[in-house]
Protein chains: 4
Amino acid sequence: MTLRKKKFAKKKEEILHSAINIIAERGYHGTTMEDIASNLFITKGSLYYYFKDKQELVFQSQIMLLLRSIDNMIAVQLEDILIAEKLRKAMRVHVTYLLRERSGFEMMIQPDHLFSKQQLEEIVSLREQYGTYFDQMINDGIEEKVFHVTDSKIVRNIILGAMNWVTQWYSPKGKKDVTEIADTIADHLMRVVIKN
Amino acid sequence: MTLRKKKFAKKKEEILHSAINIIAERGYHGTTMEDIASNLFITKGSLYYYFKDKQELVFQSQIMLLLRSIDNMIAVQLEDILIAEKLRKAMRVHVTYLLRERSGFEMMIQPDHLFSKQQLEEIVSLREQYGTYFDQMINDGIEEKVFHVTDSKIVRNIILGAMNWVTQWYSPKGKKDVTEIADTIADHLMRVVIKN
Amino acid sequence: MTLRKKKFAKKKEEILHSAINIIAERGYHGTTMEDIASNLFITKGSLYYYFKDKQELVFQSQIMLLLRSIDNMIAVQLEDILIAEKLRKAMRVHVTYLLRERSGFEMMIQPDHLFSKQQLEEIVSLREQYGTYFDQMINDGIEEKVFHVTDSKIVRNIILGAMNWVTQWYSPKGKKDVTEIADTIADHLMRVVIKN
Amino acid sequence: MTLRKKKFAKKKEEILHSAINIIAERGYHGTTMEDIASNLFITKGSLYYYFKDKQELVFQSQIMLLLRSIDNMIAVQLEDILIAEKLRKAMRVHVTYLLRERSGFEMMIQPDHLFSKQQLEEIVSLREQYGTYFDQMINDGIEEKVFHVTDSKIVRNIILGAMNWVTQWYSPKGKKDVTEIADTIADHLMRVVIKN
DNA sequence: CATGAATGAGGTTTCATTCAT
DNA sequence: TATGAATGAAACCTCATTCAT
């Protein structure tokens, strides 16, 4: 019984992964159920055994991505290091995750028209939760007088934006590998917050 | 005859504007020819008098956006001010333009699958040209020893990303208006490049 | 302009006719848009130019049928004949219309799950209006002491049911033609109401 | 072994019952195997252990209904009462059975396209057999000079139609209960046949 | 016996595109 | 120039059916 359910859940995740990758490439409307299915060597129909409809599938994939990202942040949060190092680490983790998982942040853009009000609320809430980890670190740094920023909300968004954009320009063929890119970005972005 | 052509060109621009706005909201695939047409109180069919097909229409609108952005940069470039001020100004102009025109940078994201190879080359070339203005300013700053960066290409992308992301989080209902937001973003981003 | 609209309306009616006939044969779910379209030598897609969706098309066809039936009853109502004759005539008209138009009363059966609440209300209201003409005649007959019934609502339904069932058993290959069938049915049903 | 078979047959009947009820509500095409199965808390797949396919299942359910109706008529036939009373009783039984069992007479309507030729023949034959009981009673009444009709076949159909229609208009919420409705209908319909 | 999983044919619907007027 | 009408390809989705376990 539990085996069954595990298998079911595993397959669901597989599908979500497939979906994330393809949607990251082609966008929501540009991706067909056929695309997602054939990528897994199953048929369209099977997808509907696991998900009610396309929207639900895509919604779930967003949720999965966000939950994982949040897990990443929690892990960083728990580390016992100086606040500046913690923020830098968070940035590196974010960028690395983004590039490694091709994680479909593209889809996160303007999801207003794709999802239901309720779904949207859940997504926004998780996004906000994720952002809060950065807020926290920024504020901690301010309190410890290591950081100096005039508007922490905006700074958070500047940092997230700068990082998310990486999927637009990073090419694996370039000189730097993912880790180096993550380091460089983190180093430069630290300047935005660090005192002098 | 010339009048004819002028009228034709004017109408074309009108259509491009309509398209840009709607596509910015709903994405390429989420926007129908019907949407674009009805927004201008004309019929679908008429669009085909001005543009060969949807792709062409969208492509042209991208080109228009990019050309305008480049014009903006040229204007900034020509100003006779200190390099740091020039870069700061460029940032303010970029963010302001973005928020004012709702300019469909969303569409610029991963257009790989929408356009033909030739079209893509033209877009990439214009994008690159646009980026070059920032590269130029950054490099000028380095030479003048006002800026200090380790990798100017990455810094350019960090800056562009941080700015472009603004369309994702800025709400007109917030406390700050467009100008203030642009200022705040520019101020913080200057820290990425400025020495000390 | 008016010509255009007339053409549009005419085409719409054509489609409704086609739909009525086919649905009468195969039922709502058994009828495909393809069926309706190919019957008119047009394509599926064209149907959507005239009707929002299948449900709307079918709904409109029901309305059309009911309105016509009501027109029939109004015509009978206006005739200046004895009440018994009037009822008999109404029956003959009903049966004739039913058999001539193959009028899809089959669809009228249990439309609960096909239509929206609002649509259902409209249908029920028209059905009721139609039934009222029979009620009226029955009650007139009672007042004039020509008819004798204990429950006029039930009698109305008995009469309508007996008539509607004709589509289930009448075969054009039989001895009697439509008019004769209508006469025979009407004659026998008159006995249900007539005094002695 | 016999126990096995009994259990098998019992389960089959259960399924048929479920099917009859649901199809009565939603029609053949509107009812899914899933609907029928979940109503019995089993899975779709299991149905195929008992019936070759959907059509077979539905066909069997029709047959079951008809056989039971015929049993009803046989019981009435055997009663030792006057012919007029016998016909009246038959009507009451018919209406009561219809309303009690929600018996899916809707499905009986135009089954032409649902069943195979052979299946159709069997259904038509049973239907006819059922009708014959009414014919018999009508003819007996004529011979005994209690009834007076010009065309007994048509009269049979009038009576059946009037009765079958009851499922369309009878509401359990109304004043009359099933028995009263059956009585009223029977009383009025007797007038169609009774001499003066 | 029963089921979970998968399939694929077929249905509804959307929409870019064409074309006669 | 502009449009009303039509088209057809392709998308989403449903569901009867199969089958290994």
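By convention in this document, chain letters (A, B, ...) are assigned in the order of the sequence lines, proteins followed by strands, and residues within each chain are numbered from 1. Every value quoted in this text rests on a predicted model; they were computed, and no experiment measured them.
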> Using Watson-Crick pairs (N1 to N3, plus N6-O4 or O6-N4) and G-U wobble pairs, both distances under 3.5 Å, which stems of at least 3 pairs involve DNA chain F?
Replying inline: E:2-21 with F:2-21
> For the pair made of CG in C/Leu47 and C1' in F/dG4, what is the distance, rounded to whole Å?
Replying inline: 16 Å
> Can you check the A/Arg4 CZ to E/dA5 C1' distance for me, whole Å?
Replying inline: 8 Å
> Within less than 4.0 Å of OP1 or OP2 of E/dT3, is there a side-chain N or O belonging to D/Ser46?
Replying inline: yes
>> Output the rounded distance in Å from CG (A/Leu40) to C1' (E/dA6).
In response: 13 Å
>> Whole angstroms only, please: what is the NZ-P distance between C/Lys7 and E/dA20?
In response: 15 Å
>> Please report the distance, rounded to the nearest Å, between CD1 in D/Ile15 and C1' in E/dC1.
In response: 12 Å
Scan the side chains in residues 37-46 of chain A for donor-acceptor partners under 3.5 Å anywhere in the protein, sequence neighbours excluded, and list what turns up.
| residue | atom | partner | partner atom | Å |
| --- | --- | --- | --- | --- |
| A/Ser38 | OG | A/Glu34 | O | 3.2 |
| A/Ser38 | OG | A/Asp35 | O | 3.4 |
| A/Asn39 | OD1 | A/Ser18 | OG | 2.9 |
| A/Thr43 | OG1 | A/Ser46 | OG | 3.2 |

>> Tell me whether D/Glu13 is salt-bridged to D/Arg68, with the criterion being a basic N under 4.0 Å from an acidic carboxylate O.
In response: yes
> What's the OH-P distance between C/Tyr50 and F/dT7, to the nearest Å?
Replying inline: 9 Å
> Minimum heavy-atom separation for C/Leu47 to C/Ile15, with atom names?
Replying inline: CD2-CG2, 3.7 Å
Which pairs, protein N/O on one side and nucleotides 10-14 of chain F N/O on the other, fall under 3.5 Å?
| residue | atom | partner | partner atom | Å |
| --- | --- | --- | --- | --- |
| F/dC12 | OP1 | A/Lys54 | NZ | 2.9 |
| F/dC12 | OP2 | A/Met33 | N | 3.0 |
| F/dC13 | OP2 | A/Tyr48 | OH | 2.9 |
| F/dC13 | OP2 | A/Lys54 | N | 3.0 |
| F/dC13 | N4 | A/Lys44 | NZ | 3.3 |

>> Please compare C/Lys11 and B/Phe8 by the position of their nearest nucleotide in DNA chain F and report the one closer to 5'.
In response: B/Phe8
> Without hydrogens or angle criteria, can the side chains of C/Glu56 and C/Gln60 be said to hold a donor-acceptor pair below 3.5 Å?
Replying inline: yes
>> Using OP1 and OP2 only, check whether a side-chain N or O of A/Tyr49 sits under 4.0 Å from E/dA5.
In response: yes
> If every non-hydrogen atom of D/His29 is compared with every non-hydrogen atom of D/Lys54, which pair is closest and at what distance?
Replying inline: CA-NZ, 4.3 Å
